Amino acid sequence: MENAEEVLIELNKFEKNPVAEIPQILEDYLVNIAKTGYTQFPWVRIKALFKIKLENVINEFSKISPIAAVPIMPNVEIFKFDQMKSRIFEQFESYTGIPFTVQRLCELLTQPKKNYKRIDKFMRGLERVMLVV
């Protein structure tokens, strides 16, 4: 990544004033992590960005794939959106450093609909990725 200094400046701004609208340079930064697996910055610098992006992606996906549209399957536990979302964010908050699966996490955050069409499957996949320590 050739613009690391610009990214760091934006990360500092974002850390001080996190907003739901993520600047394009930081979106590009997440795509770069998804491609390379290399964050370039410590977790304390990027944690706020990941948290907002995670929140945005879950909210957007739940609008596209409503929870009410999730079919009840006989061999699968009933999908409880709020409980799963809570568990995902609890796991996120427990990270003291860059997660081992940061590259796959970024892939899911930057291209959530690439492999998943329903919110329940996406959330289960996200939870599994986040549980790997």
Side-chain angles (χ1 to χ4, degrees):
M1 171 175 270
E2 61 240 19
N3 59 348
E5 193 171 313
E6 292 173 28
V7 171
L8 185 57
I9 290 168
E10 285 297 321
L11 281 170
N12 287 333
K13 286 182 197 175
F14 193 81
E15 189 178 10
K16 291 175 186 166
N17 185 23
V19 290
E21 183 72 29
I22 297 173
Q24 187 59 47
I25 191 168
L26 296 181
E27 291 283 356
D28 294 343
Y29 170 66
L30 291 173
V31 169
N32 187 59
I33 296 171
K35 289 179 183 174
T36 65
Y38 182 56
T39 62
Q40 296 184 330
F41 306 110
W43 182 242
V44 294
R45 287 273 180 246
I46 60 177
K47 186 175 182 176
L49 172 63
F50 272 78
K51 186 173 185 176
I52 297 293
K53 183 67 175 176
L54 185 60
E55 184 73 43
N56 289 350
V57 169
I58 290 172
N59 289 338
E60 288 171 24
F61 212 117
S62 68
K63 289 176 188 171
I64 294 167
S65 172
I67 299 152
V70 174
I72 297 174
M73 306 298 268
N75 297 330
V76 180
E77 182 182 333
I78 295 173
F79 178 65
K80 297 173 184 157
F81 176 80
D82 292 326
Q83 287 179 0
M84 185 165 284
K85 184 176 176 182
S86 177
R87 284 195 314 262
I88 287 170
F89 279 95
E90 283 175 24
Q91 181 64 31
F92 178 84
E93 291 298 333
S94 75
Y95 293 148
T96 56
I98 296 169
F100 179 72
T101 56
V102 70
Q103 185 171 11
R104 180 66 179 137
L105 180 57
C106 280
E107 289 170 359
L108 291 173
L109 294 179
T110 58
Q111 297 180 327
K113 292 174 248 120
K114 182 178 179 183
N115 295 308
Y116 299 101
K117 305 293 183 235
R118 292 190 343 222
I119 186 70
D120 60 322
K121 291 186 177 202
F122 173 73
M123 297 279 284
R124 287 184 179 114
L126 187 59
E127 184 179 41
R128 282 189 195 102
V129 166
M130 294 181 72
L131 287 173
V132 177
V133 206

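Everything numeric in this text was worked out from a predicted model, so none of it was measured.
With a 4.5 Å cut-off on side-chain heavy atoms, Gln103 and Glu107 count as touching. Side-chain atoms of Lys51 and Glu93, non-hydrogen and from C-beta on, do get closer than 4.5 Å to each other. Between Leu26 and Val7 there is a side-chain heavy-atom pair separated by less than 4.5 Å. Counting only heavy atoms from C-beta outward, the side chains of Val57 and Phe122 approach each other to under 4.5 Å. Within the 4.5 Å cutoff, the side chain of Lys85 has no heavy atoms near those of the Lys80 side chain. For the pair Asn32 and Tyr38, the minimum side-chain heavy-atom distance is 4.5 Å or more.
Using a 4.0 Å cut-off between charged side-chain N and carboxylate O, Glu127 and Arg124 make no salt bridge.
Using the six-membered ring where Trp is involved, Trp43 and Phe50 have ring planes that are tilted, between 30° and 60° apart. Taking the six-membered ring where tryptophan is involved, the planes of Phe41 and Tyr29 are tilted, since the angle between them lies from 30° to 60°.
In this structure, Met130 and Phe92 approach most closely via the heavy-atom pair CE-CB, 3.6 Å. Contact between Phe61 and Lys113 at its shortest, heavy atoms only, is CE1-CG, 3.8 Å. Nearest heavy atom pair, residue Pro23 against residue Phe14, reads CD-CD1, 4.0 Å. Here the closest non-hydrogen pair linking Leu105 and Pro99 is CD2-CG, 4.4 Å. Residues Val102 and Gly37 approach most closely at CG1-O, 3.9 Å, considering heavy atoms. Counting all heavy atoms, side chain and backbone alike, Tyr116 lies closest to Gly125 at OH-CA, 3.6 Å.
The distance from atom CD1 of Ile88 to atom CG of Leu126, rounded to the nearest 0.5 Å, is 4.5 Å. Interatomic distance, Thr101 OG1 to Arg128 CZ, rounded to the nearest 0.5 Å: 13.5 Å. Here Ile98 contributes atom CD1 and Thr39 contributes atom OG1; the two are 3.0 Å apart, rounded to the nearest 0.5 Å. Distance check: Asn59 CG to Ile119 CD1 gives 8.5 Å after rounding to the nearest 0.5 Å. Taking CD of Glu6 as the start and CG of Asp28 as the end, the distance is 11.0 Å to the nearest 0.5 Å. Here the CG atom belonging to Leu131 is positioned 9.0 Å from the OG atom belonging to Ser94, to the nearest 0.5 angstrom.
Each of Leu54 and Ile64 belongs to its own hydrophobic cluster when Ile, Leu, Val, Met, Phe, Trp and Tyr are linked at side-chain heavy-atom distances under 4.5 angstrom. Cluster membership check: Val44 does not share its hydrophobic cluster with Leu8, using side-chain heavy-atom separations under 4.5 Å among Ile, Leu, Val, Met, Phe, Trp and Tyr. Note on Ile22 and Val31: separate hydrophobic clusters, where clusters join Ile, Leu, Val, Met, Phe, Trp and Tyr whose side-chain heavy atoms are under 4.5 Å apart, directly or indirectly. In terms of hydrophobic clustering, with Ile, Leu, Val, Met, Phe, Trp and Tyr side chains grouped at heavy-atom distances under 4.5 Å, Tyr95 and Leu108 are assigned to a common cluster.
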Worked verdict on Glu60 versus Asn56 for side chain to side chain donor-acceptor pair (under 3.5 Å)
CA-CA 6 Å; Glu60 288 171 24; Asn56 289 350; 5.2 Å; no

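With sequence neighbours left out, the side chain to side chain donor-acceptor pair (under 3.5 Å) criterion links Glu15 to Arg45.
Lys16 contributes no side-chain N or O that, together with a main-chain N or O of Asn12, makes up a donor-acceptor pair within less than 3.5 Å.
Considering Lys63, Met84, Met123, Lys53 in turn, Met123 is the only one that fulfils the side chain to side chain contact (heavy atoms under 4.5 Å, CB included) rule with Ile58.
With a 6.0 Å radius and a threshold of 12 heavy atoms from other residues, nucleotides or ligands, Glu5 has its CD atom at or below the threshold.
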